Amino acid sequence: MRLKSAIRSIVYQTEKLTQLARFASIPKPQNDWPILIGISFPKSGTHLLDQILLGFSNVAPFSKRIHSFYAEYQGESGVKHNPEQALAWLDSLRPCDIASAHLFARPEAVAQICSSKFVPYFIFRDPRDVVVSHVFYVTDMEARHVHHNYYQSLPDFNSRLSASILGRPDANIEFLNIAGRFAPYLGWLDQPEVLAIHFEDLILDRTSVLTRIMEHFLARAPLHTPRQLILNSLETSINPKKSPTFRSGKTGEWRKYFTDEHKQIFKNVAGDLLVKLGYEKNNDW
């Protein structure tokens, strides 16, 4: 395992050196090239954002693959990482890396991410679609997931969807209700250095969002490359077949699956969250 990891590291560093040589004629930005990081709430377009950020590798000396992925919970065990592990992971990143994370907005992490070292993005999605996507992912797509056996043991989709909304308060591992799961991420929305992205906007108004992603990057790392060329690079890097969130390629799919009972359960635990994120004006939905 260590040998494979060492080989992967050598390949990655070799590729980075090749990229640096390829774009050697481009002047370094002030404070060196940044680290691009895509922060996401789970089941909200993580892979889609990864693909878009990798598009910058066609116009600047950024890595052609994701450096690494960090999650606050281990997928197979459900064990929660401690804050020091997140900070150590952030410290491991270097200029021209592109990284991906389910990362809580703890003060120490915010301080690092909002420094000149990073160009950060945060993508999130209608939490109602998140809980639906979570059911499909845990039940059908990831047999090693810590909640897979539990979801399989439930009698039907409706009961699994209720569990995804309410969490598992009696389990011996932490799995909060959907509002509790989102709460540690809310702080990213308060940081002007972090570009917030609605997943739905990437589906319904992609060019506008890609333009915002590009301009956010250029504010930190100016390029003389024509903007249309950059936009084309970001657009062509998207591959829906490699993004699990594109199960249907649509938004608002929760309407197909939510019963009146699910609506009421969701309103009880996360109605305020929908208003805060801009998906509803009140609980009359």
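FYI, side chains are in, hydrogens and waters are out, and symmetry mates aren't considered; it's all heavy atoms of this structure. Bear in mind that the values here come from a model prediction, so they are computed numbers and not experimental data.
- Between the R106 side chain and the L103 main chain, no donor and acceptor come within less than 3.5 Å of each other.
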### Message
For a side-chain contact (heavy atoms from CB on, under 4.5 Å) check, start with the C-alpha distance between Y137 and D140, then their side-chain angles and the critical distance, and finish with the verdict.
### Response
CA-CA 6 Å; Y137 179 73; D140 302 327; over 6 Å; no

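- Proximity of the aromatic rings of H134 and Y151 is defined here by a centroid distance below 6.0 angstrom, and this criterion is met.
- Taking OG1 of T46 as the reference point, atom CG of D50 lies at 6.5 Å (rounded to 0.5 Å).
- Using a distance-only test at 3.5 Å, with no hydrogens or angles considered, no donor-acceptor pair links the side chain of H81 to the main chain of Q74.
- For the residue pair V138 and H148, the shortest heavy atom distance occurs at O-ND1, 2.8 Å.
- Here the side chains of I230 and L218 are in contact, with some heavy-atom distance below 4.5 Å.
- D260 and Q264 are not linked by any side-chain donor-acceptor pair at a separation below 3.5 angstrom, with hydrogens and angles left out of the test.
- Follow the hydrophobic side-chain contacts under 4.5 Å out from V135 and you never reach L176; the two are in separate clusters.
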### Query
Taking it one step at a time, do E193 and I113 satisfy side-chain contact (heavy atoms from CB on, under 4.5 Å)?
CA-CA 8 Å; E193 297 87 355; I113 290 293; over 6 Å; no

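- When atom types are taken as modelled, the side chain of R220 and the backbone of Q30 share a donor-acceptor pair closer than 3.5 angstrom.
- The closest donor-acceptor contact from the side chain of R160 to the backbone of T139 lies at 3.5 Å or more, if one exists at all.
- Aromatic ring centroids of Y121 and F217 lie 6.0 Å or more apart.
- A salt bridge does not link D201 to R206: none of the charged side-chain nitrogens sits closer than 4.0 Å to a carboxylate oxygen.
- A distance of 9.0 Å separates OH of Y185 from CZ of F182, quoted to the nearest 0.5 Å.
- The cluster map of Ile, Leu, Val, Met, Phe, Trp and Tyr, joined by side-chain heavy atoms under 4.5 Å apart, puts L273 and W285 in the same cluster.
- Here CG of L93 is found 11.5 Å from CD1 of I98. Values are rounded to the nearest 0.5 Å.
- A donor-acceptor pair under 3.5 Å is formed between the side chain of S162 and the backbone N or O of N158.
- Dense packing is recorded around CG of N31, with more than 12 heavy atoms of other residues, nucleotides or ligands lying under 6.0 Å away.
- Note on ring orientation: taking the six-membered ring where Trp is involved, the planes of H147 and F175 are tilted (angle from 30° to 60°).
- More than 12 heavy-atom neighbours from other residues, nucleotides or ligands sit within 6.0 angstrom of CD on Q85.
- Formation of a donor-acceptor pair under 3.5 Å by the H198 side chain with backbone atoms of G278 is not found in this model.
- Residues V131 and H262 form no side-chain contact, since every pair of their non-hydrogen atoms from C-beta on lies 4.5 Å or further apart.
- For the pair S208 (side chain) and D205 (backbone), a donor-acceptor distance under 3.5 Å is absent.
- Residues R8 and V11 fail the side-chain proximity criterion, which asks for heavy atoms closer than 4.5 Å.
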### Task
Walk me through it: do I26 and V59 pass the test side-chain contact (heavy atoms from CB on, under 4.5 Å)?
CA-CA 10 Å; I26 299 179; V59 294; over 6 Å; no

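- When ring centroids are compared, H102 and F69 come within the 6.0 Å threshold.
- In this structure, E253 pairs ionically with K256, as a charged nitrogen and a carboxylate oxygen lie closer than 4.0 Å.
- When ring centroids are compared, F124 and F41 stay outside the 6.0 Å threshold.
- Looking at every heavy atom in both residues, D129 comes nearest to T251 through OD2-C, 3.9 Å.
- In this structure, the separation between CG on L54 and CG on L234 is 10.5 Å, given to the nearest 0.5 Å.
- V146 and M141 are assigned to two separate hydrophobic clusters, defined by single-linkage of ILVMFWY side chains at heavy-atom distances under 4.5 Å.
- I173 is not listed as a side-chain neighbour of V79, based on a closest heavy-atom distance of 4.5 Å or more.
- Taken together through direct or relayed side-chain contacts under 4.5 Å among Ile, Leu, Val, Met, Phe, Trp and Tyr, L223 and L20 form parts of separate hydrophobic clusters.
- Salt-bridge formation is detected for the pair R144/E76: a Lys NZ or Arg NE/NH1/NH2 atom is positioned less than 4.0 Å from an Asp or Glu carboxylate oxygen.
- Other residues, nucleotides and ligands contribute more than 12 heavy atoms inside 6.0 Å of the NZ atom of K64.
- Q191 is not listed as a side-chain neighbour of F122, based on a closest heavy-atom distance of 4.5 Å or more.
- A distance-only check finds no donor-acceptor pair linking the side chain of S164 to the backbone of L161 [under 3.5 Å].
- When all heavy atoms are compared, the tightest approach of A196 to L189 is CB-CD2, 3.8 Å.
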### Message
Under the criterion side-chain contact (heavy atoms from CB on, under 4.5 Å), I'd like the reasoning laid out for S233 against F56: C-alpha separation, chi angles, the key distance, then a yes or no.
### Response
CA-CA 7 Å; S233 178; F56 284 110; over 6 Å; no

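- Residues V119 and I37 have side chains not in contact (no heavy-atom distance under 4.5 Å, counting atoms from C-beta outward).
- In terms of heavy atoms, D190 sits closest to P192 at O-CD, 3.5 Å.
- Residues L210 and L202 are in side-chain contact: their nearest non-hydrogen atoms beyond the backbone lie under 4.5 Å apart.
- At least one side-chain heavy atom of S57 sits less than 4.5 Å from a side-chain heavy atom of Q19.
- Using a 4.0 Å cut-off between a side-chain N of Lys or Arg and a carboxylate O of Asp or Glu, E15 and R65 qualify as a salt bridge.
- Using a 4.0 Å cut-off between a side-chain N of Lys or Arg and a carboxylate O of Asp or Glu, E280 and K267 do not qualify as a salt bridge.
- The distance from atom CD of Q228 to atom CD of E235, rounded to the nearest 0.5 Å, is 10.0 Å.
- Judged purely by atom type and a 3.5 angstrom limit, T14 uses its side chain to pair as donor or acceptor with the backbone of I10.
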### Task
Would you check, one step at a time, whether the test ring pair (Phe, Tyr, Trp, His ring centres under 6.0 Å) holds for H67 with Y12?
CA-CA 8 Å; H67 173 275; Y12 179 80; 5.3 Å; yes

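- The pair E174-R168 fails the salt-bridge criterion, with no side-chain N (NZ, NE, NH1 or NH2) lying under 4.0 Å from an Asp/Glu carboxylate O.
- Here the shortest heavy-atom pairing between N239 and Q51 reads N-OE1, 2.7 Å.
- Note that the CD1 atom of I213 and the CG atom of L36 stand 11.0 Å from one another [nearest 0.5 Å].
- Ring planes of F136 and F157: tilted class, angle from 30 to 60°.
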### Query
Would D97 and S63 count as a side-chain hydrogen bond (donor to acceptor under 3.5 Å, both in side chains) if you check the C-alpha gap in whole Å, the side-chain angles of each, and the deciding distance to 0.1 Å?
CA-CA 6 Å; D97 283 344; S63 170; 5.7 Å; no

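- When all heavy atoms of W33 and P27 are compared, the pair lying nearest together is CZ2-O, 3.8 Å.
- Checked against I123 for a side chain to side chain contact (heavy atoms under 4.5 Å, CB included), the options L195, I39, I197 give a single hit: I197.
- Remark: side-chain polar atoms of S153 are paired, donor with acceptor, to backbone N or O of Y150 under 3.5 angstrom.
- Each of E200, R125, R128 was checked for a side chain to side chain donor-acceptor pair (under 3.5 Å) with Y279, and the lone residue meeting it is E200.
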